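Source: prediction; values computed, not measured.
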There are 2 protein chains.
Amino acid sequence: METTKDRILNATAELFRRYGYTGTGMKQIVAQAEAPFGSIYHFFPDGKEQLGRDVIRRSGEMYRDLFETIVAAAPDVLTGVQDFFTGAAEVLRQSDYADACPIATVALEVASTSEPLREATADVFESWIAAGAARFAAAGVPRSQARELAIQLIAVLEGAFILCRATRTTEAMDVACAHTLASLRSALPAISTTA
Amino acid sequence: METTKDRILNATAELFRRYGYTGTGMKQIVAQAEAPFGSIYHFFPDGKEQLGRDVIRRSGEMYRDLFETIVAAAPDVLTGVQDFFTGAAEVLRQSDYADACPIATVALEVASTSEPLREATADVFESWIAAGAARFAAAGVPRSQARELAIQLIAVLEGAFILCRATRTTEAMDVACAHTLASLRSALPAISTTA
DNA sequence: GTCTATATTTGGATAGAC
DNA sequence: GTCTATCCAAATATAGAC
């Protein structure tokens with residue numbers, strides 16, 4: 001079953017994606033979570049900053065898992081990465097360009113105002129980089145190049161989210177996908193042409 | 001001379017970069033601009049939204065000009081792009097990772113809350129794309145590819161800003177630079193090897 | 001038209017009934 | 001330990017003296 005705490009975490013994550021950290025109010029959160037106001041301070045005694053930190057970490061894990069799942073389900077890493085970008089573009093369109101990355105907006109907002117929150121976003125990005133690098137390395141890309149590719153993928157994905165939300169088109173995501181696939185292809189070992 | 005209105009615009013632009021749109025208060029703006037509180041509503045009768053729109057447009061133009069200036073001063077477009085990325089990394093380090101793109105944070109924040117502001121950010125990004133595409137086309141890159149390259153450059157630059165601010169390193173910007181140069185190099189016509 | 005004092009709303013957070 | 005009523009500070013915006 002879904003606990004009150006989970007509803008609060010999920011509501012906060014959703015609101016952060018659309019309105020950011022400072023743009024999301026505590027009252028707005030409990031309203032969306034259909035929870036009484038006191039619950040938020042019962043489960044998160046240190047208030048908004050603690051809630052924000054937990055949401056950042058949880059969202060970071062969820063999206064890393066999503067990446068892993070999509071890539072694991074694909075026949076090869078190239079197709080997996082393509083599916084990931086295609087999925088991101090699809091979510092943007094279906095949500096009327098509201099739902100992008102749950103970390104990016106908060107990361108930019110809190111980088112100069114809250115050291116605990118900044119660290120939480122840094123940890124998330126580092127874990128994403130490690131996960132991507134491991135995947136690419138497993139596919140045969142040399143270690144140092146694998147890390148660079150992962151950083152490049154995350155950077156262009158996040159940048160594309162910004163451009164797509166602003167322009168309300170998926171053009172940037174499509175471009176990001178094509179360029180990332182090209183970079184990855186040239187970094188992979190020569191394909192064994194079966195049949 | 002620098003008018004009161006200019007001081008307000010400059011102060012707002014600087015604060016937006018660090019704290020975002022919702023994170024920047026009107027009182028904070030006049031304090032930094034060393035202007036009386038009333039001036040802000042004298043020059044911007046429609047309040048924060050009007051001020052925000054003007055700041056977005058002005059910052060957008062300034063950064064487009066900066067790109068043009070740097071590329072124009074370089075011996076070739078490859079060196080120009082490299083100088084641009086190097087400069088971005090330098091500003092990040094010198095400002096202790098506070099000063100990144102003045103548009104990105106606001107763009108993510110307002111995309112779902114203010115249609116006038118969202119449009120302003122979209123206009124800025126479109127003008128950047130056009131400027132970059134024109135530069136690349138002038139250097140011999142085919143038209144449609146020139147636009148894609150410009151989008152890719154802006155996306156990876158913005159994404160790198162996010163990663164750099166969060167991790168307080170310039171690693172992502174360095175990676176972004178290297179990959180962008182590689183993409184651009186392979187899109188340029190064959191270099192005439194002089195001497 | 002420059003500036004100060006204030007109105008009004010909303011923010012995060014708390015106290016205490018049950 | 002769940003929930004409501006309230007507190008205090010800060011937000012944007014305005015009124016009106018000068």
Side-chain angles (χ1 to χ4, degrees), chain A residues 1-56 105-106 108-118 120, chain B residues 1-56 105-106 108-118 120:
Chain A
M1 74 164 256
E2 200 191 31
T3 68
T4 300
K5 188 175 179 180
D6 281 336
R7 287 209 313 284
I8 290 173
L9 285 166
N10 290 334
T12 306
E14 196 172 324
L15 291 167
F16 277 5
R17 290 216 287 190
R18 302 187 180 204
Y19 310 113
Y21 180 79
T22 53
T24 299
M26 300 291 261
K27 289 164 190 172
Q28 202 181 351
I29 290 169
V30 291
Q32 168 127 349
E34 297 186 70
F37 190 76
S39 299
I40 209 167
Y41 284 93
H42 172 65
F43 294 112
F44 306 94
D46 290 339
K48 195 179 185 183
E49 197 168 55
Q50 183 186 3
L51 173 58
R53 212 195 47 166
D54 286 4
V55 166
I56 289 166
T105 312
V106 176
L108 284 175
E109 284 181 284
V110 304
S112 299
T113 55
S114 165
E115 194 58 16
L117 290 180
R118 198 224 92 219
Chain B
M1 74 164 256
E2 200 189 32
T3 67
T4 301
K5 188 175 179 179
D6 281 335
R7 286 208 314 282
I8 290 173
L9 285 166
N10 290 336
T12 306
E14 196 172 324
L15 291 167
F16 276 5
R17 290 217 287 190
R18 302 188 179 204
Y19 310 113
Y21 180 78
T22 53
T24 299
M26 299 291 260
K27 289 169 188 172
Q28 205 180 349
I29 291 168
V30 292
Q32 169 128 350
E34 296 186 71
F37 189 76
S39 300
I40 209 167
Y41 285 93
H42 172 65
F43 293 113
F44 307 94
D46 290 340
K48 195 179 183 181
E49 196 167 57
Q50 183 186 4
L51 172 58
R53 213 194 46 164
D54 286 4
V55 166
I56 290 165
T105 312
V106 176
L108 284 175
E109 284 181 285
V110 304
S112 298
T113 54
S114 165
E115 195 56 16
L117 291 180
R118 183 202 65 80

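- B/Tyr21 is not listed as a side-chain neighbour of B/Ile56, based on a closest heavy-atom distance of 4.5 Å or more.
- A/Lys27 contributes atom NZ, which lies 12.0 Å from atom CD1 of A/Ile29 (distance to the nearest 0.5 angstrom).
- At distances below 3.5 Å, at least one donor-acceptor pair connects side-chain atoms of B/Glu109 with backbone N or O atoms of B/Thr22.
- Pairs engaging residues 12-23 of chain B under the salt bridge (Lys or Arg N to Asp or Glu O under 4.0 Å) rule: B/Arg17-B/Asp99, B/Arg18-B/Asp99 [sequence neighbours left out].
- OP1 or OP2 of D/dT2 has at least one side-chain nitrogen or oxygen of A/His42 nearer than 4.0 Å.
- In this structure, B/Arg7 places its CZ atom 11 Å from P of C/dT2, rounding to the nearest Å.
- Partners of A/Arg53 according to the salt bridge (Lys or Arg N to Asp or Glu O under 4.0 Å) rule, which considers only residues two or more places apart in sequence or in another chain, do not exist here.
- Atom-to-atom, CD1 of B/Ile40 to P of C/dG1 comes out at 19 Å; the value is rounded to the nearest Å.
- Rounded to whole angstrom, the span from the CZ atom of A/Phe43 across to the C1' atom of D/dT2 amounts to 9 Å.
- Between the side chain of A/Glu49 and the backbone N or O of A/Pro116 there is no donor-acceptor pair closer than 3.5 Å.
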Protein within reach of the bases, or only the backbone? For nucleotides 10-18 of chain D, mark each nucleotide 5' to 3' as B, S or -, using heavy atoms under 4.0 Å.
-BBBB----

